[in-house]
S.K.: 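Below you will find the structure I want to go over with you.
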There are 2 protein chains.
Amino acid sequence: MQTPTLRDVADAAGVHPATASRALNPATRGLVNADTARRVIKVAESLGYRPNPIARGLKTAKSGTVGLVIPDLTNPLFPPIVRGIEDVLEPAGYSGLIVNTDNDPGRERAQIEQLRSRQVEGLIIATALLDHPLLAQLRREGVLMVMVNRRPDGIDVPSITPDDATGVELAVRHLADLGHRRIAHLAGPLQTSTGLVRARAFRSAIRDRGLDDDPDLVEVCTYWSEEAGAVGLRTLLDRGTEFTAVVAGNDLIALGCYDVFAERGIDCPSEISVVGFNDMPFLDKLRPPLTTIAIPHQQIGAEAARLLLDAIADPARPARSVLLPLSLVVRGSTAPPR
Amino acid sequence: MQTPTLRDVADAAGVHPATASRALNPATRGLVNADTARRVIKVAESLGYRPNPIARGLKTAKSGTVGLVIPDLTNPLFPPIVRGIEDVLEPAGYSGLIVNTDNDPGRERAQIEQLRSRQVEGLIIATALLDHPLLAQLRREGVLMVMVNRRPDGIDVPSITPDDATGVELAVRHLADLGHRRIAHLAGPLQTSTGLVRARAFRSAIRDRGLDDDPDLVEVCTYWSEEAGAVGLRTLLDRGTEFTAVVAGNDLIALGCYDVFAERGIDCPSEISVVGFNDMPFLDKLRPPLTTIAIPHQQIGAEAARLLLDAIADPARPARSVLLPLSLVVRGSTAPPR
DNA sequence: CCTGTTGCTGCAATCGACTGCACAATCCGC
DNA sequence: GCGGATTGTGCAGTCGATTGCAGCAACAGG
């Protein structure tokens with residue numbers, strides 16, 4: 001015995017399938033006699049009827065799914081975001097289809113094509129790479145989208161981004177409060193919007209507080225990686241510029257600093273303080289535990305999902321964008337300068 | 001202009017939709033004149049035709065989706081598994097629908113119900129909790145399933161599990177080779193199959209190598225957590241039994257040991273060596289970097305997906321189960337005893 | 001020249017739910 | 001007691017692709 005269909009319910013309740021359909025759908029229930037509706041609903045329950053979303057989707061052109069485009073689920077940044085998204089999607093009767101692009105533009109195109117052919121109702125895009133032409137094209141074709149972690153410039157797409165500027169400000173203020181005057185910045189790649197925003201915010205935070213604003217104190221890393229962070233710090237150190245603290249572009253870069261500290265016998269935090277960015281898991285297990293800026297990843301995901309659901313409900317609504325506040329997590333890698 | 005439908009392709013190629021359908025489907029292509037087929041395929045390409053999986057699913061009763069039931073995506077254990085699954089699913093034209101159960105049986109039931117109503121063709125289950133009644137019921141109802149990380153006893157369901165026993169054996173051998181004779185074990189909860197299997201494997205590995213087999217050297221932790229690990233190690237220490245090395249049930253438990261070392265001023269590895277289990281990310285950043293047993297999570301996922309696809313292709317095939325080999329990753333937390 | 005194959009294509013029904021329209025029943029006021 | 005409004009329900013077509021069956025043409029064999 002298979003899952004019962006609408007027909008079965010209708011037969012059992014002694015009504016026409018059309019009537020059963022209307023009775024079961026809250027939006028059209030008003031068209032049906034209240035008694036009949038009740039009866040149909042009861043029968044449906046007793047039979048364990050579950051509407052077949054595939055059949056429904058065919059007629060209504062809605063699939064109840066949205067696509068999540070991320071670079072790599074394995075990157076600890078994304079699971080909390082995805083979790084936040086799912087937590088909002090699920091109660092709304094939607095599910096997410098995840099694709100990993102590995103930051104490969106070709107793959108990205110293909111995957112998005114896949115998602116579209118699966119009739120997703122919208123896209124949540126968390127990849128930085130996405131080239132504008134594709135984005136603009138999707139926009140033109142009326143594909144609903146929400147961007148995560150990245151502000152699309154020039155294109156009118158809703159986005160959720162952490163308030164990086166304030167985050168950096170928080171880090172700088174913390175170090176300044178501890179008494180640091182010469183603070184260095186290991187920036188992430190400036191091609192990424194995050195890298196750029198944080199680097200700019202760093203300069204202005206330094207100026208605002210009247211600290212030493214020396215271009216030599218900023219070094220740009222080629223990737224958001226540990227190795228790149230290590231290379232960056234070495235360059236900074238070898239340059240001979242004095243500094244007592246480092247604001248790293250993200251936690252991985254900060255981790256690279258740890259490697260250099262070990263390598264050169266530098267003590268953290270007594271000789272150099274470090275602040276990371278992201279609050280990845282297990283940072284508290286490091287020696288010393290890393291002080292960092294926490295990003296509410298799960299909230300970001302949840303907010304993104306909400307925005308997308310809004311857009312699905314009313315595609316005409318203008319693109320809204322959200323900036324989520326960050327917080328400083330003080331641990332052991334920061335201390336007053338000697 | 002919308003996505004072209006099969007009709008559009010057929011019209012453009014001057015054939016009947018039925019013929020177009022057959023030409024496009026590799027399985028039925030043989031029924032169509034080779035020239036016609038070629039022409040249809042060409043037209044389809046030039047129009048950018050993509051079959052609508054929803055419509056197809058309605059007729060064929062296949063959705064091209066499978067359900068992934070996991071406790072919590074945020075747990076670093078799962079992203080690589082999911083990634084491995086997706087990597088196999090995608091080229092096969094399938095997608096995975098992820099649900100998080102948070103180890104709540106009620107949620108688990110509801111979520112699985114959700115997945116079934118979405119017409120998933122099979123389930124990959126990675127939760128430990130899943131109570132047998134539900135499992136057995138699903139089995140009876142003909143739902144295709146594959147279990148990950150857990151061997152279903154008594155029920156005939158394919159499963160993919162890491163070869164825990166050999167893993168433990170590897171850890172013990174490594175310590176024995178370093179010269180340790182009195183090795184302790186901080187076991188995970190024995191209600192979990194993993195906890196039990198590892199604990200048993202520990203005893204037998206110890207015996208096999210003729211090391212000191214003292215019941216006092218084994219302590220069972222109440223959870224797979226850092227806190228529980230710390231509690232476990234304290235109990236072990238306070239008991240006064242001598243030992244120079246610890247095999248932890250998993251990495252989190254090992255992390256708990258680190259906390260106790262800091263607390264009591266014990267030096268690792270010179271006073272006590274520790275081996276973890278799982279090889280979570282960033283373990284190499286700890287002080288000292290944790291020696292551990294690496295589990296091929298991604299492969300586990302990939303293998304699970306393959307098994308499920310096999311089952312979908314031929315549901316009659318008997319349940320096959322796979323045991324995946326583990327490997328020892330030697331880092332800084334193990335050294336010869338003093 | 002007729003019958004019987006073989007090979008290809010078209011017709012139409014089907015999957016399950018939704019929905020515009022028509023029709024029936026009921027009720028109201030005059 | 002009749003016309004007209006108001007519910008409530010049924011009919012049938014639709015979404016897009018698949019598939020059993022029928023039909024048609026070409027061709028071989030007798």
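Both backbone and side-chain heavy atoms feed into the values below; hydrogens, waters and symmetry mates do not. Residue numbers begin at 1 in each chain, while the letters A, B, ... track the order of the sequences.
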S.K.: Below 4.0 angstrom from OP1 or OP2 of D/dG16, is there any side-chain N or O of B/Arg56?
M.R.: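 The answer is no; no side-chain N or O of B/Arg56 sits under 4.0 Å from OP1 or OP2.
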S.K.: Knowing that exactly one of B/Leu307, B/Leu144, B/Asp310 qualifies, which makes a side-chain contact (heavy atoms from CB on, under 4.5 Å) with B/Pro158?
M.R.: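 Among B/Leu307, B/Leu144, B/Asp310, the one that satisfies the side-chain contact (heavy atoms from CB on, under 4.5 Å) with B/Pro158 is B/Leu307.
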S.K.: May I have the distance from B/Ile54 (atom CD1) to D/dA17 (atom C1'), rounded to whole angstrom?
M.R.: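 Going from CD1 in B/Ile54 over to C1' in D/dA17 covers 12 Å.
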S.K.: Indicate whether any N or O donor in one side chain lies under 3.5 Å from an N or O acceptor in the other, for A/Arg118 and A/Thr65.
M.R.: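 No, A/Thr65 and A/Arg118 have no side-chain donor paired with an acceptor closer than 3.5 Å.
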S.K.: Considering only heavy atoms from C-beta outward, does the side chain of A/Leu68 approach that of A/Val99 to under 4.5 Å?
M.R.: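 A/Leu68 does not reach A/Val99 side chain to side chain.
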S.K.: Take nucleotides 4-15 of chain D nucleotide by nucleotide from the 5' end and write B, S or -, depending on whether a protein heavy atom sits under 4.0 Å from the base, only from the sugar-phosphate, or from neither.
M.R.: ----SBBB-BBB
S.K.: Where do B/Ala13 and B/Val43 come nearest, in terms of heavy atoms and distance?
M.R.: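 Looking at all heavy atoms of both residues, the shortest contact is CB-CG2, 3.9 Å.
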S.K.: Please state whether the phosphate of D/dT18, meaning OP1 or OP2, lies under 4.0 angstrom from any side-chain nitrogen or oxygen of B/Ser21.
M.R.: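 For D/dT18, OP1 or OP2 has a side-chain N or O of B/Ser21 closer than 4.0 Å.
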S.K.: So, are A/Lys42 and A/Glu45 salt-bridged, with charged N and O less than 4.0 Å apart?
M.R.: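 Salt bridge absent between A/Lys42 and A/Glu45.
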S.K.: For DNA chain C, note the earliest and the latest nucleotide, 5' to 3', having some atom under 4.0 Å of a heavy atom belonging to chain A.
M.R.: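 Counting from the 5' end, contacts occupy C/dG16 to C/dG20.
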S.K.: Is the shortest heavy-atom distance from the side chain of B/Leu324 to the side chain of B/Asp163 under 4.5 Å?
M.R.: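 They are not in contact (no side-chain heavy atoms under 4.5 Å apart), so the answer is no.
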S.K.: Enumerate the residue pairs fulfilling salt bridge (Lys or Arg N to Asp or Glu O under 4.0 Å) with a member in residues 81-95 of chain B, sequence neighbours excluded, ordered by first and then second residue.
M.R.: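 Sorted pair list: A/Asp72-B/Arg83, A/Asp102-B/Arg83, B/Arg83-B/Asp87.
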S.K.: Expressed in angstrom and rounded to an integer, what is the separation of B/Asn25 atom CG from D/dA17 atom C1'?
M.R.: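 Taking atom C1' of D/dA17 as the reference, CG of B/Asn25 is at 10 Å.
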S.K.: For the residue pair B/Phe78 and B/Ala126, what are the closest heavy atoms and their distance?
M.R.: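 In this case the closest contact between B/Phe78 and B/Ala126 is CE2-O, 3.9 Å.
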